[in-house]
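What you see is a predicted model; the values in this text were computed from it and never measured.
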Amino acid sequence: MGAIAVGKDALKQMHEEMSIDDVLSLMDEVTEQNEVEQQINEIIGAGSALTDVDEAEIEAELAKLEEAMLSDQQSTLPVAPSGKLPELNDTLAEDKPQKISQKRMAIPS
């Protein structure tokens, strides 16, 4: 029984905050916005249709761009070595840093 009373009080509070006219006005605004959205979608949908000529021009331009990208990539790639590569052990021996010995000293405080 207590749940019904709480529900009734919640409904009463909602009705005080919003009248039927407010709900109808809100629904009209939502309907108007939906109509505007539908008109925008129709305009966008109608404007995106390409003719065969437009599509052929776009594909030709795309092919030119792809060809230009390939030629740029080929000209900027580094040249791979053609001779014998150095042995791994020789390279590691040359790259090892020299160990410097240092004596530790106590510093008076």
Side-chain angles (χ1 to χ4, degrees):
M1 213 38 132
I4 294 174
V6 171
K8 177 191 72 73
D9 291 339
L11 283 173
K12 184 177 181 180
Q13 183 180 1
M14 283 177 39
H15 292 151
E16 289 174 0
E17 292 176 8
M18 186 172 264
S19 69
I20 293 176
D21 291 333
D22 293 336
V23 172
L24 291 174
S25 175
L26 179 62
M27 294 304 295
D28 288 341
E29 290 175 14
V30 169
T31 302
E32 287 175 19
Q33 291 303 314
N34 286 337
E35 290 172 0
V36 170
E37 181 181 356
Q38 184 178 2
Q39 290 175 353
I40 291 171
N41 288 334
E42 287 174 3
I43 292 169
I44 290 173
S48 66
L50 295 175
T51 65
D52 292 337
V53 174
D54 292 339
E55 191 170 340
E57 289 176 4
I58 290 172
E59 287 179 5
E61 184 177 353
L62 177 61
K64 287 179 185 176
L65 289 172
E66 288 174 342
E67 184 179 320
M69 284 178 54
L70 285 176
S71 66
D72 286 346
Q73 286 177 351
Q74 290 173 353
S75 64
T76 59
L77 290 176
V79 177
S82 59
K84 184 180 174 187
L85 296 175
E87 293 295 323
L88 183 62
N89 293 336
D90 295 340
T91 306
L92 290 177
E94 293 172 6
D95 291 341
K96 284 186 180 178
Q98 298 288 333
K99 188 172 183 178
I100 301 172
S101 63
Q102 294 179 353
K103 292 185 178 181
R104 293 187 176 193
M105 303 174 88
I107 299 175
S109 55

Tell me if the CD atom of Glu17 is crowded by more than 12 foreign heavy atoms within 6.0 Å.
yes
Is it true that a side-chain atom of Asp9 and a backbone atom of Val6 form a donor plus acceptor pair closer than 3.5 Å?
no
Please determine whether residues Met14 and Val23 belong to a single hydrophobic cluster, defined as Ile, Leu, Val, Met, Phe, Trp and Tyr linked transitively by side-chain heavy-atom distances below 4.5 Å.
no
For atom CD of Glu16, is the number of surrounding heavy atoms from other residues, nucleotides or ligands below 6.0 Å larger than 12?
yes
Roughly how far, to the nearest 0.5 Å, is CG of Asp54 from CD of Glu57?
6.0 Å
Out of the candidates Glu37, Gln38, Gln39, only one should pair with Asn41 under the side chain to side chain contact (heavy atoms under 4.5 Å, CB included) rule; please name it.
Glu37
Applying the side chain to side chain contact (heavy atoms under 4.5 Å, CB included) criterion to Asn34, which one of Thr31, Val30, Val36 satisfies it?
Val30
Could you tell me whether Ile20 atom CD1 has more than 12 heavy atoms of other residues or ligands within 6.0 Å of it?
no
Is Ser25 reaching over with its side chain to a backbone N or O of Asp21, donor-acceptor style, under 3.5 angstrom?
no
Rounding to 0.5 Å, atoms CG (Leu11) and NE2 (His15) come to a distance of 5.5 Å
